[in-house]
Colleague: 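I'd like to ask you about the structure that follows.
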Amino acid sequence: MDVPKDQFSTLLEHGLYSSAQILGCFAVSSTSINPETSPHLKSESLVQFGEALFREKEYRRAIQAYKQALQYHKIIPKQSAATPPLTRSSMSASNRSSSPNSASISGINENEVKFKIATCHNSLSENRAALAEMEGIRSTSRNLEMNLMMAKLYRNSRHTRSAIGCYKECLRQCPFIIEAITALAELGVAAKDIISLFPQTPNRSGRPPFDHFDSSRWLQRYVEAQCCIVSNDYKGGLELFTELLQRFPNNIHILLEMAKVKAVIGKNDEAILDFEKVRSIDPYVVTYMDEYAMLLKLKSDISKLNKLVHDILSVDPTRPEVFVALSVLWEKKDERGALSYAEKSIRIDERHVAGYIMKGNLFLSMNQPEAAVVAYRGAQELRPDLRSYQGLVRSYLALAKIKEALHAAREAMKAMPQSAKALKLVGDVHASSTSGREKAKKFYESALRLEPGFLGAALALAELHVMEGRNGDAVSLLERYLKDWADDSLHVKLAQVFAATNMLQEGLLHYQAALRINDQNEAAKKGLERLEKQMKVCVALITHASINTDNICNGVSGIIVSFLFFSFLF
């Protein structure tokens with residue numbers, strides 16, 4: 001043999017894939033290997049060549065090499081089982097336990113090769129082709145890695161029952177496959193059913209497997225936390241995560257899970273603190289950093305947003321989170337460019353929820369509510385949360401589809417019966433029509449009873465007061481929140497109410513206060529500019545009136561000036 005197998009294996013084992021690929025060209029074209037008389041040697045060389053191509057991410061070429069290897073494998077005459085397959089010599093770089101297969105003179109393992117082909121198809125986002133290859137492996141011959149791949153492929157193909165079966169099989173083999181736990185929770189499997197999959201039978205020493213007494217308790221808490229989050233019991237989920245955090249301080253995974261949940265339910269300041277803590281512990285984390293980017297954008301903290309995007313781009317520019325963060329950064333500069341980034345994140349991972357949320361937000365800001373509905377529905381199909389419901393309501397209201405908006409809001413309230421934000425969502429729909437304002441008021445008040453510190457509901461109720469001409473009630477309500485909230489949107493709303501009641505100086509002060517808190521607040525900038533113009537006109541009118549009314553008594557002059565001023569305003 002011109003190219004020794006052990007030399008090829010050495011290159012693969014040491015990660016020298018470029019050299020292995022070149023050597024593979026010599027191995028598969030060698031005239032010393034006769035495909036008719038030595039098909040097993042030919043198939044082994046092709047598998048090793050395919051492995052080198054796979055490691056170099058040349059997936060199409062790898063598929064071709066693996067399939068050729070299987071073709072040669074099929075013509076090998078089956079021999080006595082006394083000759084074991086040399087799977088590890090041919091696929092040593094894969095570092096997996098071999099699957100059961102009929103023994104032959106060939107050193108390749110047919111199931112391993114099929115799995116490699118499926119992995120290549122999966123890397124190319126060819127889900128159907130990957131699934132077809134995996135289904136060619138008997139269930140009794142699949143190892144842990146194969147079962148996990150099957151579960152993911154079934155889930156992507158919306159074969160929920162089959163996906164659940166494969167994920168369960170993974171946990172029966174190893175209870176610490178966290179992604180299987182999360183997936184089963186998201187697929188609607190109850191916590192007790194997931195926990196029941198964990199091995200419970202004591203071993204010879206009398207202790208259950210996987211250090212049961214130490215591990216099972218926290219693992220069960222983790223399962224319960226994930227199931228709480230999926231069922232929209234965010235409070236329960238956060239309590240369980242907090243309990244876990246006490247046992248595992250500075251646990252990056254738990255901190256990220258908590259930050260994501262807080263972002264979803266609108267506890268933005270707390271979520272930002274959690275994300276900042278994660279980055280202080282490990283500045284190279286990319287997971288959920290797109291969620292952090294969205295929060296920084298809401299806070300108008302552009303300098304931190306710029307740094308975040310720069311940092312995660314330098315860590316791994318291929319992750320979907322990076323493209324969502326880029327989309328957030330570019331939203332104000334170039335909406336079309338931002339949209340292309342959001343769409344790329346979905347092309348990288350079609351299950352990336354934040355990509356759909358960002359896409360929906362962009363379509364709404366571009367006044368394309370029909371497209372926004374499609375994007376938010378895409379997010380809901382993957383994992384419904386408050387943001388997708390909020391997006392749907394806003395989109396339907398923009399389309400004047402009140403019935404559909406109300407249905408989406410009620411869906412949110414049904415899914416999250418203890419959520420003040422879901423109650424506010426129903427109120428928002430009712431507030432969109434004059435006849436529904438009284439109902440809206442009741443929902444806003446219910447939201448505030450459920451969550452007294454919910455500023456969003458207070459602002460919405462104040463706006464309703466203004467619509468109904470109850471400006472005094474609006475001011476009283478908002479001023480109560482000033483004691484506990486240093487929020488720019490609160491000052492903007494107060495400024496708008498004061499301006500509407502001709503209390504221009506008070507309005508000016510609140511616009512300025514809003515800009516001190518957030519100098520990027522566009523509503524405050526525009527409101528302040530408009531108010532300053534009004535005040536300049538007022539001064540000009542007063543000056544002009546004083547010059548031209550020398551022979552008019554001060555009282556009459558004041559009446560004329562006031563009349564001119566209010567005529568201008570209204």
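We number each residue from 1, following the sequence as shown.
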Colleague: So, Q380 versus R377: side-chain donor-acceptor pair below 3.5 Å or not?
Modeller: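 Side chains of Q380 and R377: pair found under 3.5 Å.
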Colleague: Is the backbone N or O of I265 less than 3.5 Å from a side-chain atom of K421, with the two atoms forming a donor-acceptor pair by type?
Modeller: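 Indeed, once roles are kept as given, a pair shorter than 3.5 Å links the two residues.
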Colleague: Do other residues, nucleotides or ligands put more than 12 heavy atoms under 6.0 Å from K525 NZ?
Modeller: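 Atom NZ in K525 is packed in, count exceeds 12.
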Colleague: Side-chain contact test, heavy atoms from C-beta onward, threshold under 4.5 Å: evaluate it for L326 versus L313 and give yes or no.
Modeller: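 Yes, close enough: below the 4.5 Å cut-off.
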Colleague: Keeping the roles fixed (side chain from S446, backbone from K442), state whether a donor-acceptor pair exists under 3.5 Å.
Modeller: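 Side chain of S446 to backbone of K442, a donor-acceptor pair under 3.5 Å: yes, one is there.
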Colleague: Got a donor-acceptor contact below 3.5 angstrom from the N122 side chain to the A118 backbone?
Modeller: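 Absent.
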Colleague: Could you tell me the separation between the CG atom of L382 and the CD1 atom of I357, rounded to the nearest 0.5 Å?
Modeller: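 Nearest 0.5 Å value for the CG-CD1 distance: 9.5 Å.
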Colleague: Does Y376 use its side chain to pair, donor to acceptor, with the backbone of N361 at less than 3.5 Å?
Modeller: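 A pair under 3.5 Å: yes.
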Colleague: Can you see whether S303 engages D301 through a side-chain donor-acceptor pair at a distance of less than 3.5 angstrom?
Modeller: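 Judged by distance alone, the side chains do pair up.
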Colleague: Any Lys/Arg nitrogen of K299 or D269 sitting under 4.0 Å from an Asp/Glu carboxylate oxygen of the other?
Modeller: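 Counted as a salt bridge, because a side-chain N and a carboxylate O are separated by less than 4.0 Å.
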Colleague: For residues A185 and I194, report the shortest heavy-atom separation together with the two atoms involved.
Modeller: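 Nearest heavy atoms, A185 then I194: N-CD1, 3.9 Å.
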Colleague: Does any non-hydrogen side-chain atom of V475 lie less than 4.5 Å from one of E506?
Modeller: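 No; the side chains remain at least 4.5 Å from each other.
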Colleague: Looking at every non-hydrogen atom in both residues, tell me the closest pair between S489 and L459 and how far apart they are.
Modeller: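 What the structure gives for the nearest pair is OG-CD1, 3.7 Å.
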Colleague: Check A405 against V393 and note the closest heavy-atom contact, atom names and distance.
Modeller: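 Closest approach of A405 to V393, heavy atoms only: O-CG2, 3.7 Å.
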Colleague: So does D193 get a backbone contact from the side chain of S196, meaning a donor-acceptor N/O pair under 3.5 Å?
Modeller: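 Looks like yes, one N/O pair under 3.5 Å.
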Colleague: What I want to check is whether the side chains of Y511 and E529 have a donor and an acceptor closer together than 3.5 Å.
Modeller: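 Y511 vs E529: no donor-acceptor pair found between side chains.
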Colleague: Walk me through it: do D311 and M289 pass the test side-chain contact (heavy atoms from CB on, under 4.5 Å)?
Modeller: CA-CA 10 Å; D311 289 349; M289 286 300 114; over 6 Å; no
Colleague: Counting C-beta onward and ignoring hydrogens, is there a side-chain heavy-atom pair between N251 and L245 closer than 4.5 Å?
Modeller: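 Yes - at least one pair of side-chain heavy atoms lies under 4.5 Å apart.
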Colleague: Nearest heavy-atom pair of N521 and D488: which atoms, and what distance?
Modeller: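 For N521 versus D488, the nearest heavy atoms are ND2-OD2, 2.7 Å.
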Colleague: Search all heavy atoms of G237 against all heavy atoms of I229 and return the closest pair with its distance.
Modeller: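 Here G237 and I229 meet closest at CA-CD1, 3.7 Å.
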Colleague: Check this for me: does any side-chain nitrogen of one of E451 and K424 sit under 4.0 Å from a carboxylate oxygen of the other?
Modeller: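 So E451 does not pair with K424 through a salt bridge.
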Colleague: Any luck finding a side-chain donor-acceptor pair between Y444 and D428 under 3.5 Å?
Modeller: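 Side-chain D/A pair, Y444 to D428: present.
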Colleague: Measuring from atom NZ of K235 to atom CD of Q418, what distance do you get when rounded to the nearest 0.5 angstrom?
Modeller: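 Those atoms lie 8.5 Å apart.
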Colleague: Run the side-chain contact (heavy atoms from CB on, under 4.5 Å) check on E257 and I254 step by step: do they pass?
Modeller: CA-CA 5 Å; E257 290 295 303; I254 295 174; 5.6 Å; no
Colleague: Between S388 and P384, is there a donor-acceptor pair closer than 3.5 Å when you use the side chain of the first and the backbone of the second?
Modeller: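 Answer holds: no.
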Colleague: Does the side chain of Y288 pick up a donor-acceptor pair with the side chain of D290 at under 3.5 Å?
Modeller: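 No, because no side-chain N or O of Y288 sits under 3.5 Å from a partner of the opposite role on D290.
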Colleague: Can you measure from CZ (R336) to CG (L362) and round to the nearest 0.5 angstrom?
Modeller: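 Going from the CZ atom of R336 to the CG atom of L362 covers 10.0 Å.
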Colleague: I want to check something: taking the side chain as every heavy atom from C-beta on, are K441 and H430 in contact at a cut-off of under 4.5 Å?
Modeller: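 K441 vs H430: side chains apart.
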Colleague: Could you grab the distance from atom OG1 of T287 to atom CD of E321, nearest 0.5 Å is fine?
Modeller: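 T287 atom OG1 to E321 atom CD measures 5.5 Å (nearest 0.5 Å).
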Colleague: Scan K297, K260, R387 and name whichever one has a salt bridge (charged side-chain N to carboxylate O under 4.0 Å, His left out) with E291.
Modeller: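 The passing option is R387.
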Colleague: Verify side-chain contact (heavy atoms from CB on, under 4.5 Å) between L171 and K168, making sure each step is shown before the conclusion.
Modeller: CA-CA 5 Å; L171 290 182; K168 284 183 173 181; 5.9 Å; no
Colleague: Tell me, please, which residues at least two apart from F363 pass ring pair (Phe, Tyr, Trp, His ring centres under 6.0 Å).
Modeller: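 F363: no ring pair (Phe, Tyr, Trp, His ring centres under 6.0 Å) contacts found.
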Colleague: Once rounded to the nearest 0.5 Å, what's the spacing between atom CZ of R347 and atom OG of S340?
Modeller: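 Interatomic distance, R347 CZ to S340 OG, rounded to 0.5 Å: 8.0 Å.
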Colleague: State whether E126 and R60 are salt-bridged, where the test is any N-O pair (Lys NZ or Arg NE/NH1/NH2 against Asp/Glu carboxylate O) under 4.0 Å.
Modeller: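 Here E126 pairs with R60 in a salt bridge, since their nearest N and O are under 4.0 Å apart.
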Colleague: Mind running side-chain contact (heavy atoms from CB on, under 4.5 Å) on F275 and L256 for me, showing each step along the way?
Modeller: CA-CA 7 Å; F275 279 125; L256 284 171; 3.9 Å; yes
Colleague: Less than 4.5 Å apart, any side-chain heavy atom of Q226 and any of F241?
Modeller: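 Counting from C-beta outward, Q226 and F241 do come under 4.5 Å.
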Colleague: Is there side-chain contact between K152 and Y167, with heavy atoms separated by less than 4.5 Å?
Modeller: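 Yes, close enough: below the 4.5 Å cut-off.
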Colleague: For S345 and G355, work out which heavy atoms get closest and say how close.
Modeller: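 Taking S345 first and G355 second, the nearest heavy atoms are OG-CA, 3.5 Å.
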Colleague: Please determine which of L339, V324, L364 meets the side chain to side chain contact (heavy atoms under 4.5 Å, CB included) test together with K359.
Modeller: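 So, applying the side chain to side chain contact (heavy atoms under 4.5 Å, CB included) to K359 and each of L339, V324, L364, only L339 qualifies.
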Colleague: Taking NZ, NE, NH1 and NH2 as the nitrogens, is one of them in E169 or R172 under 4.0 Å from a carboxylate oxygen of the other?
Modeller: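 Yes, this pair counts.
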Colleague: Under 4.0 Å between a Lys/Arg side-chain N and an Asp/Glu carboxylate O for E411 and K414?
Modeller: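 No salt bridge links E411 with K414.
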Colleague: Is any side-chain heavy atom of L478 less than 4.5 Å from a side-chain heavy atom of L490?
Modeller: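 In short, these two side chains touch, coming nearer than 4.5 Å.
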Colleague: In terms of heavy-atom contacts, does NZ of K57 have more than 12 from other residues, nucleotides or ligands at under 6.0 Å?
Modeller: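 Result for NZ/K57: open.
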Colleague: Please, which pairs that meet ring pair (Phe, Tyr, Trp, His ring centres under 6.0 Å) have at least one residue in residues 381-404, sequence neighbours excluded?
Modeller: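 Counting only pairs at least two positions apart or across chains, no ring pair (Phe, Tyr, Trp, His ring centres under 6.0 Å) contact touches residues 381-404.
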Colleague: Rounded at 0.5 Å granularity, tell me how far CD in E331 sits from CG in L329.
Modeller: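 Separation between the atoms: 10.5 Å.
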Colleague: Do the rings of Y222 and H253 sit parallel, tilted or perpendicular, given the 30° and 60° boundaries?
Modeller: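 Taking H253 first and then Y222, their aromatic rings sit tilted (interplane angle of 30° to 60°).
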Colleague: Evaluate the side-chain proximity of N250 to K277: yes if any heavy-atom separation is below 4.5 Å, no if none is.
Modeller: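 Yes, side chains in contact.
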